[in-house]
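Take a look at the structure below.
We count ligands from 1, going down the list as the structure has it; atoms in each ligand are counted the same way. As the structure is a computational prediction, the values presented were derived from the model and not from experiment. Just the heavy atoms: all of them, side chains too, but no hydrogens, waters or symmetry mates, feed the values below.
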Amino acid sequence: MDNFKFHTSTEILFGKDQIQQLPEVIGRYGKNVLLSYGIGSIKKSGLYDQVKALLKDFNVIDLANIEPNPHISSVERGAALCRKHQINVILAVGGGSVIDCSKVVAAAALYEGKAWDLVLDRNLITKALPIVTILTLAGTGSEMNKSAVITNTETQMKTGTSNWPMMPQTSIIDPTYLFTLPAIQTAAGSADIFSHVLENYFKITPDAYVQDKIAEGLMQTVIKYAPIALKTSDDYSARANLAWASSLALNGLTASGKSGTWSVHPIEHELSAYYDLTHGIGLAILTPVWMRHILSEATVDKFVEYAVNVWHLPNTGDKYKVAHSGIDATEAFFKSLGIPSTLSAVGIDDSKFEIMAQRAVKLGSTQNSYVPLSVNDIVAILKASA
Ligand code: NZQ
Ligand code: ZN
């Protein structure tokens, strides 16, 4: 196991009606609140009205219409509002896109230069306004981590930034807010949770047994509960388990002590950058293909471990057969969630494979991933996903 710093300072208020604590939580920071949210789901669900009523004694300024795969222009819009209204705290109500955008707004509000600088260079993020979140989509883990992924539509670049000041102070996770999710977002969010754990499971560092056992439990949680949430949208247990899995999947628990960069996320971010694809859908399409691409004598034992421990497949002794059955099970699972399994099914052709592969290597440092991925490797993965 490698050396690491593990630190998670976010206060989690988990469960039904935790929102009642909102005035006290927000009151810790001051009166001027930036309320950030997406295109319309929280108005439709009634959550917006509930938040407004609870914050009736505060000065609440809205940052509305944050788009999925949030744009840097929304960050700039938010930062300008923070400066104009002397905002004390940002309340992000939504999924990963709203929370990510709000994190960079919080940092950009206290930064003299352009917000995009903070995305390109995380070291410039030295301070940020406090951030409180109310989660409405289980998937990204943004509610309990210091990362944000932002798109610059001028350069079609989507990339992540990360630093401690952007850690949410408090996140309210009420699983009932997930009841209104469209099926495809439940599926995509579940694929995202699964992928976060998988990316950490398949890393170079050996003997991180604790992390891998936690990872296996989290993946099994998704395997058990995503189908239930899809079948019965208001199943509280399913939503609660998925929501907590989302937070634990990307708060450092399974990543700490394991070195190297991720493999599939950098490729997916290119699909979202160029085609505005829903993140979890891209991950589900690419993951089984990536697995088959890297299966070799060097990796086969890890794939056997994955097949046996995560999918409970019998270890027959034929390691490649077992490894393939684990990969097939992964693919079948994503399909069973109703996620398309090819790029053509989501309207993506091969015209940008080369440029996307080059960007993925550059932005994702995939030469340092579990099995190093070159531009040619990524083009091959994209072609096999077509
Ligand atoms: O915009 P609204 O109207 O709110 O609708 C959203 C959006 O259309 C809707 N939605 C959210 N909660 C809902 C709901 N609809 C009905 N009921 C609810 N309760 O769902 C749609 C997708 O929302 P979005 O926030 O975009 O999804 P997600 O949470 O999957 O976030 C995706 C973004 O997070 C980034 C992704 O790259 C992508 O940009 N990621 C962030 C990470 C992080 N911060 O650590 C890590 C991830 O790997 C990921 O890269
Ligand atoms: Zn992700």
Which label fits Phe194 and Trp311: parallel for a plane angle under 30°, tilted from 30 to 60°, or perpendicular past 60°?
tilted
So Tyr306 and Phe202, would you call those rings parallel, tilted or perpendicular, with 30° and 60° as cut-offs?
perpendicular
Do Lys44 and Thr180 have side-chain N/O donor and acceptor atoms under 3.5 Å apart?
no
Quick one: do the Glu143 and Ser247 side chains pair a donor with an acceptor below 3.5 Å?
yes
Verify salt bridge (Lys or Arg N to Asp or Glu O under 4.0 Å) between Lys302 and Asp212, making sure each step is shown before the conclusion.
CA-CA 11 Å; Lys302 188 72 186 173; Asp212 285 359; 2.6 Å; yes
Distance below 2.8 Å from the Zn ion (ligand 2): protein N/O/S atoms:
Asp192 OD1, His196 NE2, His265 NE2, His279 NE2
In chain-and-number order, ligand 1 lies under 4.0 Å from a heavy atom of each of Gly38, Ile39, Gly40, Ser41, Pro68, Asn69, Pro70, Gly95, Gly96, Ser97, Asp100, Thr136, Leu137, Thr140, Ser142, Asn145, Ser147, Val149, Lys158, Tyr177, Thr180, Leu181, Pro182, Gln185, Asp192, His196, Leu250, His265, His269, His279
Under 3.5 Å, is there a donor on one side chain and an acceptor on the other for Glu11 and Thr170?
yes
Any chance the side chains of His71 and Glu76 put a donor and an acceptor closer than 3.5 Å?
no
Does Lys5 make a cation-pi contact with Trp164, if we ask for NZ or CZ under 6.0 Å from the ring centre and within 45° of the axis?
yes
Determine whether a donor-acceptor pair (N or O, by modelled atom type, separation under 3.5 Å) exists between the side chain of Arg239 and the backbone of Ser233.
yes
